[in-house]
Amino acid sequence: MDIPTLSTTERLILELLAGEEMFGLQLVEQSGGALKRGTVYVTLGRMQDKGYVESRTEKQPAGAIGLPRRLYRPTAYGLRVLEAWEAAARTLRRRPHLRPAT
Amino acid sequence: MIPGRTLHRLAAVICSADSLERIVEPAISDLQNEHGRHGTSGIATRVWALVAGYAAVLTVIIICAFDTRIESSDRRDLQRTLIWTAGFVGGVVALLALPAVQSRSDSVTLRGLLPQALPLAIPIGLTFGIALGLPGRSISRASARVVVLGALAASLVSFSMISWIAPATNQATRDETAWIAGDRLVPKGPAELTLVDLNREMKTAAVQGNPRVARYFTWTFHMRLALSAASIVLAVLFLVTFSTGSIVRGVFAFLVCFEYWVLLYMGEFLGVYEQAIPALAAAWLPNIVFASAAALIAALRRSRVRDPIAVAL
């Protein structure tokens with residue numbers, strides 16, 4: 001079984017989505033500039049491929065024009081990967097002797 | 001106004017169906033929603049929101065365009081296309097260089113020949129490569145995307161060759177030949193002028209009241225641009241043409257290349273000597289003709305798909 005990887009951007013997205021479902025643009029706004037509008041959708045697509053997030057299209061009111069928006073939320077698997085990463089980060093912070101010598 | 005509709009149509013052509021639905025459409029829907037939200041804001045806010053939104057959608061489309069997940073059958077077709085293209089480019093370069101090599105075979109001559117021959121050999125090679133390499137059945141969108149990107153790269157190579165490298169090597173060849181013969185350096189002729197030089201000569205001739213010379217330099221300037229774009233135009237033409245066997249497509253490729261050559265010289269005759277059409281239009285005449293043919297064929301194919309009864313009849 002492949003070990004799941006989690007980039008900095010993916011971790012940030014999972015942390016933001018852990019609280020509530022969001023649109024792509026909301027993620028960019030909530031990230032305070034850490035996420036870029038041109039690449040967040042590509043990253044979300046990749047995270048869907050990995051099984052970290054899932055999405056649904058928003059139900060549009062009658063008479064609405066334009067494309068329906070897509071809402072993203074983390075999967076249970078994505079939240080477990082995030083928890084595992086955070087646990088590893090806490091362990092390394094508590095045990096500095098595990099880090100490589102500088 | 002609903003922003004993003006043109007980009008949506010563009011993305012539908014360039015990107016895969018999966019990328020369009022999962023990645024591009026969320027970006028466009030956010031752009032549209034943001035535009036609606038800013039409906040009552042000041043014009044500067046609305047314009048900035050639109051610009052940022054369009055830039056983001058374009059970035060997404062470009063990233064998805066390069067996401068080419070090729071099936072193994074498509075990979076074989078593309079490899080075959082590449083091999084035929086390389087073979088024909090090499091063959092055409094050899095044919096074009098043969099007379100010069102036969103008359104004088106030295107490193108100076110050979111070095112100068114390649115940059116001159118490649119801008120002609122590349123579109124011819126790509127045309128035959130696509131005609132013979134891709135199958136008679138409809139090709140996948142991913143393969144078409146790779147072919148278009150390859151044609152774009154070929155156009156950029158042609159452009160750099162014809163605009164700067166060929167003129168520079170021509171002049172270097174002339175200087176070296178003159179030095180070997182013991183003569184002083186020779187001034188640049190039209191074939192040794194870069195695009196910047198041609199643009200300057202065009203304007204100088206116009207100011208000096210020499211319209212025929214101005215038309216000639218105008219035609220030469222735009223002919224170089226048009227020849228660089230020939231790879232894209234001919235690639236698109238062959239991607240939309242009817243599905244037939246490779247022999248018919250090979251013959252069609254030969255006729256297209258021959259016709260391109262005829263239109264190129266017809267354009268020069270009509271635009272520079274007869275003054276029947278503007279020099280700019282004369283230079284772009286072959287590309288205009290074949291791009292129009294490609295658009296017509298694509299429209300005819302789309303109308304046949306929409307009307308299955310007509311297809312059945």
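Computed from a predicted structure; not experimentally measured. Proteins get letters first, then strands, A, B, ... in listed order; numbering begins at 1 in each.
A salt bridge links B/E34 to A/R37: at least one charged side-chain nitrogen sits closer than 4.0 Å to a carboxylate oxygen.
Heavy atoms of B/L31 lying under 4.5 Å from chain A belong to its backbone as well as its side chain. Neither the backbone nor the side chain of A/Q60 comes within contact range of chain B; no heavy atom of the residue lies under 4.5 Å from a heavy atom of that chain. For B/Q32, the part lying near chain A is the side chain, with the backbone staying farther off; criterion is any non-hydrogen pair under 4.5 Å. Heavy atoms closer than 4.5 Å to chain A are found nowhere in B/A55, neither backbone nor side chain. Contacts between A/L25 and chain B at a heavy-atom distance below 4.5 Å involve backbone atoms as well as side-chain atoms.
A/R46 is not listed as a side-chain neighbour of B/R22, based on a closest heavy-atom distance of 4.5 Å or more.
The distance from the OG1 atom of A/T39 to the CD1 atom of B/I23 is 11.5 Å, given to the nearest 0.5 Å. The structure places OH of A/Y41 at 11.0 Å from OG1 of B/T59, a figure rounded to the nearest 0.5 Å.
Enclosure of atom CH2 in B/W84 is not indicated, since only 12 or fewer non-hydrogen atoms of other residues, nucleotides or ligands lie within 6.0 angstrom.
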Residue pair A/R70, B/E21: steps toward the salt bridge (charged side-chain N to carboxylate O under 4.0 Å, His left out) verdict | CA-CA 10 Å; A/R70 192 168 277 267; B/E21 188 198 342; 3.7 Å; yes
Side chain to side chain contact (heavy atoms under 4.5 Å, CB included) between B/N33 and A/F23, intermediate numbers included | CA-CA 11 Å; B/N33 188 271; A/F23 306 108; over 6 Å; no
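Residues A/L67 and B/S29 approach most closely at O-CB, 3.5 Å, considering heavy atoms.
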